[in-house]
There are 2 protein chains.
Amino acid sequence: MYYFSLFFFYGVIVSKNTKLTRSEIKRQDIIDAACQAFQEFGVQATSMDKIAELAQVSKRTVYNHFATKQALVVYLLNEIRTRTLVDVDIDTTYDPLRSVESKLLTLITAEINLYSCGHYIDLTRMAFGHFLYHPEELKRELDKVMTQETAFQRYLRSACEHKQLNIPDIKFATDQLQNLIKGSCFWPQFLKIEAPLTDEQKHHIATESAAMFLARYNNK
Amino acid sequence: MYYFSLFFFYGVIVSKNTKLTRSEIKRQDIIDAACQAFQEFGVQATSMDKIAELAQVSKRTVYNHFATKQALVVYLLNEIRTRTLVDVDIDTTYDPLRSVESKLLTLITAEINLYSCGHYIDLTRMAFGHFLYHPEELKRELDKVMTQETAFQRYLRSACEHKQLNIPDIKFATDQLQNLIKGSCFWPQFLKIEAPLTDEQKHHIATESAAMFLARYNNK
DNA sequence: GAAGTAAACTACACTCATTAGTTTACTTTT
DNA sequence: AAAAGTAAACTAATGAGTGTAGTTTACTTC
């Protein structure tokens with residue numbers, strides 16, 4: 001049976017393009033089951049027995065692949081980190097042929113789409129559920145992510161250097177822009193209190209966020 | 001012994017201004033202990049034995065006051081709701097003698113101070129920890145809060161009516177403003193990934209949020 | 001293609017710790 | 001004396017992790 005997870009590893013597995021051993025399949029089943037259960041019920045409320053049952057695998061097999069529950073959690077969390085680290089892969093240098101507004105819209109839209117990805121939300125939910133009462137750990141993990149400059153920051157700096165924008169504090173302005181977006185596109189989804197956004201809603205939020213940002217920082 | 005909780009009931013108890021029975025004291029000890037433990041470790045990770053120990057009360061006494069653990073959680077959560085429902089108590093009609101900017105700053109500052117209150121953060125943390133995997137319940141609770149108009153909304157509407165601001169969608173604009181503030185003042189604190197804000201930081205965020213908002217919506 | 005082998009899987013019974021909730025026999029407060 | 005508190009032992013369930021004896025799979029080797 002040819003099998004490749006649509007979720008983890010799919011780049012790797014597909015390019016490997018080979019049969020998976022039964023062991024690999026089982027392992028993947030365990031990971032998928034754990035991922036799903038952790039997201040749905042939380043780490044605490046998910047027993048190893050439950051995971052084994054969901055994965056249709058004996059409990060012993062779960063323990064053959066992951067020595068402890070903690071090991072399973074840590075494994076999944078690392079997957080999250082590598083997954084969410086993919087920064088928006090867009091050219092971030094100022095282009096005189098293109099309006100700042102248009103470029104900004106592209107960047108914002110990319111960010112919104114990241115937040116709209118079901119996996120992204122589900123995985124951060126799982127991570128936060130785990131870390132909510134382990135703030136030191138959370139901080140350590142986040143620091144790894146925080147230190148890198150975002151696509152926003154790079155572009156804003158570039159546009160400032162070309163005198164298109166006038167931003168005294170680029171880091172602060174980036175946060176403002178991100179807050180405008182996250183407040184509407186990330187947090188409500190994260191708390192599952194709002195239905196997924198339609199394309200029109202996304203577009204509206206993107207244009208309005210850009211409008212407000214430019215109203216403040218456009219160099220006129 | 002005269003006793004009044006600095007946390008729950010203090011308005012009530014102080015005005016009652018009378019001796020508390022031992023039973024009432026014990027009950028309060030239990031509530032305080034549960035509140036603290038739930039916030040620190042989460043509901044799941046806090047056992048009734050632990051609460052009894054923290055409250056320096058026998059386990060049976062805990063059960064005399066609260067029939068089940070669930071009952072204790074529900075009780076505390078209701079306290080949260082009534083506590084956080086206190087809206088900013090500021091006059092929200094447009095005053096021609098005062099600049100919109102100044103008034104907005106006052107409102108924003110009040111909002112920031114609410115978020116900066118340790119209790120507010122701790123209690124929402126507890127609530128979210130509990131509700132993160134009970135979205136339907138969360139939604140139901142939030143709906144009770146969401147339906148009421150915020151102080152922001154009332155003032156913005158009033159200022160629009162006096163042609164001081166030009167806001168096509170007041171609800172949306174309110175969200176934008178709130179997102180600007182929450183992104184810096186609430187969420188980082190909520191996740192305990194940022195130290196509490198200094199007064200300077202608060203002031204900076206307040207002025208910058210107002211500046212961006214007015215750059216977009218000021219009627220000039 | 002048949003037989004052999006090591007690794008991985010299975011079912012299941014087990015230990016040990018924790019936790020929600022109860023019961024009992026006795027003491028303190030009001 | 002009634003109401004409320006106490007310590008301590010108890011039940012019943014759950015859940016992490018282990019040990020074991022037997023089975024399946026994949027991959028040789030003949």
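Letters go in sequence order (proteins before strands), and every chain restarts at 1.
- Atom CZ in A/Phe66 sits about 16 Å away from atom C1' in D/dA16, given to the nearest Å.
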Between N or O atoms, less than 3.5 Å apart, protein on one side and nucleotides 5-9 of chain C on the other: list the pairs.
from  : atom 1 : to      : atom 2 : distance (Å)
C/dC9 : OP1    : A/His65 : NE2    : 3.0
C/dC9 : O4'    : A/Arg22 : NH2    : 3.0

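- Relative to the ring axis of A/Tyr75, A/Arg27 places its NZ or CZ within 45° and under 6.0 Å from the centre.
- Following rounding to the nearest Å, B/Leu72 (CG) and C/dA20 (P) show an atom-to-atom distance of 11 Å.
- Between A/Phe172 and B/Ile205, some side-chain heavy-atom pair lies under the 4.5 Å cut-off.
- Applying a 4.0 Å cut-off to non-hydrogen atoms, the residues of residues 46-55 of chain B that approach DNA chain C are B/Thr46, B/Ser47, B/Met48, listed by residue number.
- For the pair B/Ser184 (side chain) and B/Ile181 (backbone), a donor-acceptor distance under 3.5 Å is absent.
- Taking NE2 of A/His203 as the start and OG1 of A/Thr109 as the end, the distance is 7.0 Å to the nearest 0.5 Å.
- The closest side-chain donor-acceptor pair between B/Gln36 and B/Asp32, if any, does not fall under 3.5 angstrom.
- Taking the six-membered ring where the residue is Trp, B/Trp187 and A/Trp187 present parallel rings, their angle staying beneath 30° rather than reaching 60°.
- Atoms CD1 (B/Ile25) and P (C/dT29) sit 11 Å apart, rounded to a whole Å.
- A salt bridge between A/Glu111 and A/Lys182 is absent, with no side-chain N of the basic residue lying under 4.0 Å from a carboxylate O of the acidic one.
- A distance-only check finds a donor-acceptor pair linking the side chain of A/Glu24 to the backbone of A/Thr21 [under 3.5 Å].
- No N or O donor and acceptor, one from the side chain of B/Lys69 and one from the base of C/dG21, sit under 3.5 Å apart.
- Between the P atom of D/dG5 and the CD atom of B/Gln56 lies a distance of 15 Å, rounded to the nearest Å.
- Atom CZ in A/Arg60 sits about 15 Å away from atom C1' in D/dG22, given to the nearest Å.
- Atoms CD (A/Gln70) and P (D/dG15) sit 18 Å apart, rounded to a whole Å.
- Atom C1' of nucleotide D/dA4 and atom NZ of B/Lys59 are separated by 19 Å, given to the nearest angstrom.
- The nearest pair of heavy atoms linking B/Leu104 to B/Leu177 is CD1-CD2, 4.4 Å.
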